[in-house]
Amino acid sequence: MNLLFDNWLINLAANISAPLVDGRRRKAEVDRRMAVVEENLAAYRQTVLTAIREVEDALVGEEKLQAHLKGLSEQLSAAQNALNEARSRYRNGLSDYLPVLTQLLTVQNLERTIIQRKAELLVSRVDLYRALGGTWMESLQP
C-alpha cells in the first residue's frame, strides 16, 4: 500500500511540476504563434494598402484622361473651324490649297489622337474595375 501511495504522490508531483519545467517551451510557442498572427496581419494590411493605391491610381488616371480628352475636343473644334475657313478662302480664290491640306492633316491627327485616348480611357476603366473587383475572376477560370 505504501508503494501505491508513493507512486500516486510521484505522479501528482510530476503532473504539477511539468507545466513549471516546460514553461519556457510553452511561452516560446505562444510567442511564435503571436509572431505568425502579426505577420499575417501585416500581409493583410499591405494587401489593403495595395488595393487602395490601385483604385486611387485608376481614378486619377481616368480623371486626367477625361481632362485631356476635353482639351483635345476643344482643339479639334478649333481645327475644324480653321479647316472650314481655309476651304472658304480657297474657294474664294484668296489662298492656294496648301493651307487646306495643312488644316486637314491637323484635324485628322487630332481625330486619331482622340481615338487613341478614348481607347486608353477604356483600358483605364477596365483597370479600375479590376482593382475594385479584386481577384474574384480568377476562381472562375478552369
Side-chain angles (χ1 to χ4, degrees), residues 3-142:
L3 183 61
L4 179 65
F5 182 72
D6 287 341
N7 284 340
W8 177 81
L9 188 58
I10 291 173
N11 284 336
L12 179 65
N15 286 336
I16 290 174
S17 65
L20 298 176
V21 174
D22 194 33
R24 290 192 177 125
R25 198 174 317 155
R26 289 181 188 199
K27 183 179 182 320
E29 179 63 21
V30 168
D31 290 344
R32 185 189 71 79
R33 288 186 185 208
M34 288 300 293
V36 168
V37 167
E38 288 176 13
E39 180 182 2
N40 290 339
L41 184 59
Y44 177 74
R45 283 184 188 135
Q46 187 60 41
T47 301
V48 169
L49 289 175
T50 301
I52 290 171
R53 181 184 48 82
E54 288 175 354
V55 169
E56 285 180 348
D57 289 348
L59 287 172
V60 168
E62 182 166 339
E63 182 179 335
K64 286 183 178 182
L65 278 172
Q66 289 283 3
H68 189 65
L69 275 170
K70 182 180 178 187
L72 286 173
S73 294
E74 291 171 2
Q75 285 181 356
L76 180 62
S77 177
Q80 287 171 337
N81 290 339
L83 176 62
N84 291 337
E85 180 64 28
R87 284 181 177 156
S88 174
R89 291 179 60 82
Y90 173 72
R91 282 187 210 122
N92 292 330
L94 299 174
S95 69
D96 57 1
Y97 199 68
L98 186 59
V100 175
L101 290 176
T102 304
Q103 288 304 318
L104 185 60
L105 285 174
T106 302
V107 168
Q108 289 175 347
N109 286 336
L110 282 169
E111 288 173 341
R112 268 191 238 104
T113 303
I114 288 174
I115 290 170
Q116 290 170 348
R117 295 303 174 264
K118 284 184 178 180
E120 289 174 13
L121 181 62
L122 291 174
V123 170
S124 175
R125 285 185 183 166
V126 168
D127 290 341
L128 173 63
Y129 297 150
R130 282 185 179 164
L132 288 172
T135 59
W136 66 272
M137 292 183 298
E138 291 173 5
S139 63
L140 298 177
Q141 296 175 351

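The figures here come from the full heavy-atom set of this structure, side chains too, leaving out hydrogens, waters and symmetry mates.
Residue pairs meeting the salt bridge (charged side-chain N to carboxylate O under 4.0 Å, His left out) criterion with at least one member in residues 51-62, sequence neighbours excluded, are Arg53-Asp57, Glu62-Arg125. Residue pairs that meet the salt bridge (charged side-chain N to carboxylate O under 4.0 Å, His left out) test with at least one member in residues 31-50, sequence neighbours left out, are Lys27-Asp31, Glu29-Arg32, Glu29-Arg33. Sorted by first then second residue, the side-chain hydrogen bond (donor to acceptor under 3.5 Å, both in side chains) pairs that include residues 97-109, not counting sequence neighbours, are Asn109-Arg112. Applying the ring-ring contact (aromatic ring centres under 6.0 Å, His included) rule to pairs touching residues 44-80 yields nothing, sequence neighbours excluded. Residue pairs meeting the salt bridge (charged side-chain N to carboxylate O under 4.0 Å, His left out) criterion with at least one partner in residues 67-92, sequence neighbours excluded, do not occur; the list is empty.
Using a distance-only test at 3.5 Å, with no hydrogens or angles considered, a donor-acceptor pair links the side chain of Thr47 to the main chain of Ala43.
In this structure, NZ on Lys118 lies 10.0 Å from CG on Leu72, to the nearest 0.5 angstrom. Rounding to the nearest 0.5 Å places CG of Leu69 at 8.0 Å from CZ of Arg117.
The two atoms that bring Leu83 and Leu104 nearest to each other are CD1-N, 3.7 Å, heavy atoms only. Across Ser124 and Gly61, no two heavy atoms sit closer than the pair OG-C, 4.1 Å. Between Ala79 and Leu110, the closest heavy-atom pair is CB-CD1, 3.8 Å. Between Tyr90 and Val100, the shortest heavy-atom contact is CB-CG2, 3.9 Å.
Under a cut-off of 6.0 angstrom, the local environment of CD in Gln66 is crowded, with over 12 non-hydrogen atoms contributed by other residues, nucleotides or ligands.
Every residue meeting the side-chain contact (heavy atoms from CB on, under 4.5 Å) condition with Asn92, not counting sequence neighbours, appears here in chain and number order: Ser88, Leu94.
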